[in-house]
Amino acid sequence: MPVRVAVIGGGVVGLMALKNFREDGFDATLYEGRAWVGGLWKYSDDEWLSTAENTKFNSSKFRTAIPDFPFSKHVDDFPTASQLYEYLNAYCQHFDLWPHVKLSSRVTSVKRSGERWALEVTPNDAPSYTAHYDKVAFACGSFTSPRQPTLDGIDQFKGRALHAVNFHNPSQFEGQNVLVVGAHASAQDVVAQLSEHASHVYLSHRSGVLLLSRYSSDGSVYDRMPPLNFTIFTLYLQTWFPNLFTWMMDSLIGMMAKKSFPTQPASLGSLLTTKAPSIAVAAPLIASELYPHFESGFCEGVPGIRKISGPRSIELTSDRTLDNVDAIVYCTGYHMTIPVEMESSLNPYAYPGSSANLYRQIFPLHPDPDIRNSLAFLGQAAVPLPGFAQHEMVSMCISQVWRGKSRLPPLAEMQRWHRNIQAWRADQTKRYQAQSTFYPVFVPMADHLAWMDSCAGLGMRRHFGLLSRWTNWEAWKFWWNDRELYNLCLTGLSSPAIFRLFDEGKRKAWAGARKQILLDNESVKLQQQERQKQLQAKKEI
Ligand SMILES: Cc1cc2nc3c(=O)[nH]c(=O)nc-3n(C[C@H](O)[C@H](O)[C@H](O)COP(=O)(O)OP(=O)(O)OC[C@H]3O[C@@H](n4cnc5c(N)ncnc54)[C@H](O)[C@@H]3O)c2cc1C
Ligand SMILES: *[C@@H]1O[C@H](CO)[C@@H](O)[C@H](O)[C@H]1NC(C)=O
Ligand SMILES: *[C@@H]1O[C@H](CO)[C@@H](O)[C@H](O)[C@H]1NC(C)=O
Ligand SMILES: *[C@@H]1O[C@H](CO)[C@@H](O)[C@H](O)[C@H]1NC(C)=O
């Protein structure tokens, strides 16, 4: 009898997991609490997180695509939320996932029941029932429990104060002065929506953030670079000279940020001069939707908040007081949680504030080996690689472990990995003075990719060598047999299809990968030419 697998959550991460489990022969079923798949990429005013319809993805469609499911050529260079929603529905259609998706079916608890797992499922309009599975994969999203600071003196504040997760109907803020706290993706989302209604926005941030543009000066999407040969070189640097690597990346991205927006309006305020934290502990912001609001003066960067000093007054750490604030929107992120009831020995975030009690941010560190081999948590690990591919790789790893083609190390080694990651995080936090919001899912990139490469069977290191083909026989063979493709993979656009190119007897390769890599190389060139034409036409008007 095939092994029964439950996937909890039908966002992009859960859908990729469902597809991979089924491809590997598992009898997999997905449970989604909402009435649709695609998760936060469909706007909704329910209590869960969603983006606005016109929110744009922060990496280009060329790098964002699921490796064996490219975007159609009608999709924008940077897909909008509604285009992503359509794309994910098309994904279900193409891979025939619909028969295995249960919508409006929230999983409320997961319990051990003999050798299996008992899931309590609570449909929207029907009584709860129990379903049994051999394995369970959690893909509930990383943004489930809003994080909100308690501002000193908040009781005095007479305006509205709400978290971004509850931000709907921007027309409620007609003519108001709004203080947005935080300077990341959600803040950009909120400011863009406020711009049609509010009178003025103060954007408060404690430590600054690097702002980048979506396009390079030659008209290319910013993530056309770097090619794979450079990425491999940086992985090497990162392994052997981590501080040098961080210094180099900080310099490079700092330079990109300066070039991104050459006019620096005064309304950037403290964002203008603050030294943003190192990219080791804080991601830059692709700010093309936010920046125009600084240029117009609608939005103004201000430093952190000291306290609320009156019904509409807010004192900043710079001693300046804002006296006319009508509303506060907290874009201050989320605590990591798994929104399903389960025993605390199974819940990776049982103790608030501690880092995930997981091996590789995926598998539970449980004394019972059967539990280690039958529960997995997706979307809890991240490295700075654009798009969906890295999250699909995690599901490939889980699938290969569950079908016995790859193995988890003994518990002691899993625990050693966990201790090391905690030490690494503590060191990064101290060295680069990270804020308390230092994203708890970051793992060291070189190590994580190397582990996934062998666990999922991507064949990347075997075919591209560590530094060059000099070190690797398989890389020589690849170069000899298909020089055009070999060179294009290493020096052209890093197409996600490269991750589905080789068959190592673990996850399946995609027969269309070679063609897609060639096509992506052409498409990204056309994109640049098209954009240059547009810019030229604008100049002539
Ligand atoms: C404003 C904003 C902008 C972003 N922009 C980018 C970007 O540009 N680039 C990028 O890489 N990432 C971005 N992200 C990160 C985003 O989280 C990922 O892109 C990705 O969409 C996450 O997918 P997911 O499947 O993990 O989560 P989600 O899309 O949140 O899906 C999780 C799903 O699980 C369901 N669920 C949860 N609990 C249960 C349960 N108990 N039972 C059943 N169903 C359940 C939820 O209903 C939801 O549909 C952004 C996030 C935000 C908030
Ligand atoms: C990558 O390839 C390009 C094109 O051949 C070359 O100019 C560049 O120096 C290479 N970079 C590295 C780090 O090897
Ligand atoms: C894109 O957004 C995700 C999620 O918000 C973030 O983790 C990542 O660092 C962003 N990438 C860039 C290049 O800003
Ligand atoms: C990649 O694209 C460039 C630019 O269009 C083109 O000159 C080159 O021939 C392409 N390479 C391959 C291998 O198709």
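As a basis for the values below, the full set of heavy atoms in this structure was taken, side chains included, without hydrogen atoms, waters or symmetry mates. Both counts, for ligands and for their atoms, begin at 1 and track the order of listing.
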Would you indicate which of [options] comes nearest to [atom] when only heavy atoms are counted?
{"atom": "atom 6 (C) of ligand 4", "options": "Asn521, Leu493, Leu526, Asn487", "value": "Asn521"}
{"atom": "atom 12 (N) of ligand 1", "options": "Trp36, Phe57, Trp48", "value": "Phe57"}
{"atom": "atom 24 (P) of ligand 1", "options": "Val37, Val110, Leu30, Val13", "value": "Val13"}
{"atom": "atom 28 (P) of ligand 1", "options": "Leu103, Thr122, Leu40", "value": "Leu40"}
{"atom": "atom 4 (C) of ligand 1", "options": "Tyr31, Phe78, Trp41", "value": "Trp41"}
{"atom": "atom 4 (C) of ligand 4", "options": "Lys525, Glu484, Gln529", "value": "Lys525"}

Which of the numbered atoms in ligand 1 are under 4.0 angstrom from any heavy atom belonging to [X]?
{"X": "Pro339", "value": "38 (N), 41 (N)"}
{"X": "Cys140", "value": "32 (C), 34 (O), 37 (C), 38 (N)"}
{"X": "Val12", "value": "20 (C), 21 (O), 23 (O), 25 (O)"}
{"X": "Gly33", "value": "43 (C), 44 (N)"}
{"X": "Asn58", "value": "7 (C), 8 (O), 9 (N), 10 (C)"}
{"X": "Arg34", "value": "47 (O), 49 (O)"}
{"X": "Val340", "value": "41 (N)"}

Is a side-chain donor or acceptor of His184 paired with a backbone partner of Ser186 at a separation under 3.5 angstrom?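 A pair under 3.5 Å: no.
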
In the protein, what heavy atom is nearest to [atom], and what distance, to one decimal place, separates them?
{"atom": "atom 5 (O) of ligand 2", "result": "Thr491 CG2, 3.6 Å"}
{"atom": "atom 9 (O) of ligand 4", "result": "Glu522 OE2, 4.7 Å"}
{"atom": "atom 34 (O) of ligand 1", "result": "Gly9 CA, 3.3 Å"}
{"atom": "atom 45 (C) of ligand 1", "result": "Arg106 NH1, 3.6 Å"}

What about Phe478 and Phe464, are their ring centers closer than 6.0 Å?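 Here the rings of Phe464 and Phe478 have centres that are less than 6.0 Å from each other.
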
Counting the benzene-type ring for Trp, do Phe241 and Tyr236 have ring centres under 6.0 Å apart?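 When the ring centroids of Phe241 and Tyr236 are compared, they turn out to be at least 6.0 Å apart.
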
Mind checking whether [X] has an N or O less than 3.5 Å away from an N or O of ligand 1?
{"X": "Glu32", "value": "yes"}
{"X": "Ala185", "value": "no"}
{"X": "Val107", "value": "yes"}
{"X": "Phe143", "value": "no"}
{"X": "Ser59", "value": "no"}

Would you call [X] and [Y] a salt bridge, taking side-chain N to carboxylate O under 4.0 Å as the test?
{"X": "Lys525", "Y": "Glu522", "value": "no"}
{"X": "Lys56", "Y": "Glu289", "value": "yes"}
{"X": "Arg116", "Y": "Asp134", "value": "yes"}
{"X": "Glu392", "Y": "Arg500", "value": "yes"}

Is the charged tip of [X] near the ring of [Y]: under 6.0 Å from the six-membered ring centre and within 45° of its axis?
{"X": "Arg147", "Y": "Tyr334", "result": "no"}
{"X": "Arg214", "Y": "Phe78", "result": "yes"}
{"X": "Lys19", "Y": "Phe95", "result": "yes"}
{"X": "Arg531", "Y": "Tyr215", "result": "yes"}

If we check side chain to side chain contact (heavy atoms under 4.5 Å, CB included) with Val107, which of these qualifies: Val136, Leu119, Thr122?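 Of the listed residues Val136, Leu119, Thr122, the side chain to side chain contact (heavy atoms under 4.5 Å, CB included) partner of Val107 is Leu119.
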
Applying a 4.0 Å heavy-atom criterion (strictly less than), which segment of Leu49 is in contact with ligand 1: side chain, backbone, both, or neither?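 Side chain only; the backbone of Leu49 stays clear of ligand 1.
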
Classify the contact between Ala139 and ligand 1 as side chain, backbone, both or neither, using a heavy-atom distance cut-off of under 4.0 Å.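 It is the backbone that touches ligand 1; the side chain stays farther off.
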
Might you check, step by step, whether the distance between atom 14 (O) of ligand 2 and some protein heavy atom is under 4.0 Å?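 Protein heavy atoms within 4.0 Å of atom 14 (O) of ligand 2 - there is at least one.
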
Just to confirm, does any protein heavy atom lie below 4.0 Å from atom 2 (O) of ligand 4?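 Yes, because at least one protein heavy atom sits under 4.0 Å from atom 2 (O) of ligand 4.
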
Name the residue from Tyr91, Phe388, Phe57 that meets the ring-ring contact (aromatic ring centres under 6.0 Å, His included) definition with Trp41.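 Answer after filtering Tyr91, Phe388, Phe57: Phe57.
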
Hey, what do you get for CD (Gln529) to CD (Gln534), rounding to the nearest 0.5 Å?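 Reported to 0.5 Å precision, the distance equals 12.5 Å.
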
Could you please spell out the steps behind the side chain to side chain donor-acceptor pair (under 3.5 Å) verdict for Trp117 and Ser374? CA-CA 9 Å; Trp117 294 100; Ser374 62; 3.0 Å; yes

For Gly379, is the nearest heavy atom under 4.0 Å from an atom of ligand 1?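 Flag not set, Gly379 not near ligand 1.
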
Tyr43 side chain to His168 side chain, donor-acceptor N/O pair below 3.5 angstrom: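 Per modelled atom types, Tyr43 and His168 side chains form a pair under 3.5 Å.
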
Numbering the atoms of ligand 2 from 1, which are under 4.0 Å from a heavy atom of Asn229?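 Numbered from 1, ligand 2 contributes 1 (C), 2 (O), 3 (C), 8 (C), 10 (C), 11 (N), 12 (C), 14 (O).
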
